[in-house]
Protein chains: 2
Amino acid sequence: MTIRVVLAEDQGMVLGAFAALLRLEPDLDVVATATDGPKALAAVLEHDPDVLVTDVEMPGMSGLDVAAALRRDGNRARVVIVTTFGRSGYLRRALDSGVAGYVLKDAPIDQLVGVVRRVHAGERVVDPQLAMAAWDAADPMTDRERDVLRLAADGLPNGEIAARLHLAEGTVRNYLSTAITKLGVRNRIEAARMARDRGWL
Amino acid sequence: MTIRVVLAEDQGMVLGAFAALLRLEPDLDVVATATDGPKALAAVLEHDPDVLVTDVEMPGMSGLDVAAALRRDGNRARVVIVTTFGRSGYLRRALDSGVAGYVLKDAPIDQLVGVVRRVHAGERVVDPQLAMAAWDAADPMTDRERDVLRLAADGLPNGEIAARLHLAEGTVRNYLSTAITKLGVRNRIEAARMARDRGWL
DNA sequence: AGCCGGACCTGACCAATGTCACGGCTGTCG
DNA sequence: CGACAGCCGTGACATTGGTCAGGTCCGGCT
């Protein structure tokens, strides 16, 4: 009774290393790999695996988007997210998307194999250290503030942000100002950095 | 005659995967691993390996810094850099630091093992796709411009940048202005993004 | 020597950003 | 209903950021 796994990760070398490692386990079978979001989704639909192991940040479609899409389709595959740093905002969205496991790339490698097995057995597994952090920092920003900050983070001037969102320039300034105040920072750059670090963008 | 390797990479899970993979090769021996720059340096000094395989971005000290330090000490270890995306500026600095190999994490996993062997045999190996890109984009910024842009990228206001560098505020503005002009962008945010993407910070 | 180019540094000026006080709208609770 | 709280949207005003036109100093070249 082997566990059939699909593996998605955009960095080819890391993907290869994870795949080689999972194949070493006699009860695991890596049936397909993918290097971006859409390919990951297609691979799951084609191979009908027990578990999808995926990175969050991938070209085209994030691992979270893939998980949400599978959820909508009623696909039976259980999803394990593997990500770089503890962006607590991601975890929140991941849980909303029905993700079954959430592991940090900082963790020791054995943990990955363990989580795949436990998730397949029906458990929901989240790195405990991260689970703590997720709840003490809820996103304080409104949708509009997030929209504006996202564009500002790319270096767009207020005028252009206003044009894209069909707002007055003063309004854009206002949203940025409230975002800056809520996050307790000094300007849009620090605000963008903090929001990004916490997975709020 | 096994090749003795030290492996440095800050993400524990990736480190573990690479280590497991290299250990599968009969002619390679992973004698130590490290999760930050200073530990990598210490591990090389203690174990005197043939090859150091290291990430660029690590806490404390970058892989490039470690390579430069080894070079200065006349250490015999040959250095292979493994990094995420093709930041051409990094490659330039890497070659200056006497690095022997440079591989992208996007590449297939087999390449890593091959490069380690070829580097140990005395070759200098650089991902050819990347080697091209490195020379068509030289860093146009002066040292001072880089200093200022680095701090601006962290969100510091001009006044504070001026204080840290013992400059007048007008001077800071001027450096940022020239950097913005040279890079052909609209503001400090875009300038920081571009410089980062190209490995110029 | 005199000239030139480039990095470094500066203040004055205008444009972009951040703050504030204010309305309109919607939903909730007594 | 009326009071309240929260999000959305706006213009006027102060602060910060970007541009310009210089100035000094140093090394290379004629």
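Note that the structure is a prediction, hence the values are computed from the model and not measured. To find a chain, count down the sequence lines: A is the first, B the second, and so on, and within it residues start at 1.
- Listed nucleotides dG18(C), dG17(D), dT19(D) differ in distance to Thr181(B); the shortest reach to its side chain belongs to dT19(D).
- Dashed line: the shortest gap from a side-chain N or O of Asn158(B) to OP1 or OP2 of dG17(D) is under 4.0 Å.
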**OP:** Please lay out, stage by stage, how Arg188(B) and Asn158(B) fare under the test side chain to side chain donor-acceptor pair (under 3.5 Å).
**Re:** CA-CA 11 Å; Arg188(B) 62 181 62 199; Asn158(B) 289 334; 2.9 Å; yes
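- Checking dT17(C), dA12(C), dT10(C) against every side-chain atom of Arg173(B), the shortest atom distance belongs to dA12(C).
- With respect to Asp48(B) and Arg4(B), no salt bridge is recorded, no charged nitrogen being found less than 4.0 Å from a carboxylate O.
- Nucleic acid contact class of Asn174(B) (heavy atoms, under 4.0 Å, all strands): base.
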So which protein N/O to nucleotides 5-7 of chain C N/O distances come out below 3.5 Å?
none

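- When distances run from any side-chain atom of Thr171(B) to the nucleotides dG18(C), dG18(D), dT10(C), the shortest one goes to dT10(C).
- Atom CG in Leu176(A) sits roughly 16 Å away from atom C1' in dC7(D) (whole-Å rounding).
- For Ser177(B), a side-chain nitrogen or oxygen approaches OP1 or OP2 of dT19(D) to under 4.0 Å.
- Open room surrounds CZ on Arg71(A); 12 or fewer heavy atoms of other groups in view lie less than 6.0 Å from it.
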**OP:** Decide side chain to side chain donor-acceptor pair (under 3.5 Å) for Thr178(B) and Glu145(B); before the verdict, give the C-alpha distance in whole Å, the side-chain angles of both, and the deciding distance to 0.1 Å.
**Re:** CA-CA 8 Å; Thr178(B) 59; Glu145(B) 285 160 3; 2.9 Å; yes
